[in-house]
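In what follows, a single structure is set out as structure tokens and then discussed.
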Amino acid sequence: MTQLTQIFFSLLSICYIAAIFILAGSPIVRSLSLFNPYSLLHIPFYGILTLLLIFSFIPMTHRPDGSMAKLPNNLVTQLPNHFIHRLLIVASIASVVAISDEIHQAYVPGRDASLTDVLLDMAGIGIVIFFTSQLFRKKESSKTRLTL
């Protein structure tokens, strides 16, 4: 991914976060709650936010010929430190947004803060982080097997 793509996803992440806070008191959310009795939509909403943040924070390097740059073989069994640190940054930002949103909702008329909602947000964040790390490991593992 190029730096321009990362900037695009960063702006998209900021807009998504702004929408979360702006729409907290809107009638759209109230009507949506009729179809969401257990607040399960928190999982995909925060999963999407996490994915946007991943595209914002984790650069994908390309070789001049257009192929992905290959990591050394010893990185197959564990993720590189920079990747793990960036996933932790992404998870932290998404978690802060989730907690801040619930605190914000405590002050919005007709809404209330809920620990359950925060836990569902964390589930969405955790699922995306887990699958991203697994996908990266499989991708690197298959590249190594092809070169052996």
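Just so you know, these numbers use all the heavy atoms, side chains as well, and skip hydrogens, waters and symmetry mates.
Across Leu120, Ile125, Leu119, a single residue satisfies side-chain contact (heavy atoms from CB on, under 4.5 Å) together with Ile43, and that is Leu120.
A continuous path of ILVMFWY side-chain contacts below 4.5 Å connects Ile17 to Phe8, so both sit in one hydrophobic cluster. Hydrophobic clustering (ILVMFWY, side-chain heavy atoms < 4.5 Å, transitive): Tyr107 and Val96 are in distinct clusters. Ile14 and Phe9 fall into different hydrophobic clusters, where Ile, Leu, Val, Met, Phe, Trp and Tyr residues are linked whenever their side-chain heavy atoms come under 4.5 Å apart, directly or through other members. Taking hydrophobic clusters as Ile, Leu, Val, Met, Phe, Trp and Tyr residues chained together by side-chain heavy-atom distances below 4.5 Å, Ile54 shares a cluster with Ile48.
Of all the heavy atoms in Ser133 and Leu87, the pair that sits closest is CB-CD1, 4.1 Å. Taking each heavy atom of Asp101 and Ala24 in turn, the nearest pair found is OD1-CB, 4.3 Å. The heavy-atom pair separating Glu102 from Ser114 by the smallest distance is OE1-N, 3.0 Å.
Remark: Phe21 engages His104 in a ring pair (Phe, Tyr, Trp, His ring centres under 6.0 Å) (not counting sequence neighbours). In this view, Ile7 and Gln3, Leu11 satisfy the side chain to side chain contact (heavy atoms under 4.5 Å, CB included) rule, not counting sequence neighbours.
With hydrogens and angles disregarded, a donor-acceptor distance shorter than 3.5 Å links the side chain of Arg86 to the backbone of Phe57.
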query: Does the side-chain contact (heavy atoms from CB on, under 4.5 Å) test come out yes or no for Ser39 and Thr116, once each step is laid out?
result: CA-CA 8 Å; Ser39 297; Thr116 304; 5.8 Å; no
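The structure places CD1 of Ile93 at 9.0 Å from CG of Leu49, a figure rounded to the nearest 0.5 Å. Taking CG of Leu12 as the start and CG of Leu53 as the end, the distance is 10.0 Å to the nearest 0.5 Å. To the nearest 0.5 Å, atoms CD (Gln105) and CD1 (Ile20) are separated by 10.0 Å. Interatomic distance, Leu88 CG to Phe83 CZ, rounded to the nearest 0.5 Å: 10.5 Å. Taking CD1 from Ile22 and CD1 from Ile28, the interatomic distance works out to 11.5 Å, rounded to the nearest 0.5 Å. Distance CZ/Phe45 to CG/Asp121: 10.5 Å, rounded to 0.5 Å.
Within the structure, the side-chain hydrogen bond (donor to acceptor under 3.5 Å, both in side chains) test picks out the following pairs touching residues 7-17 (sequence neighbours left out): Ser13-Ser56.
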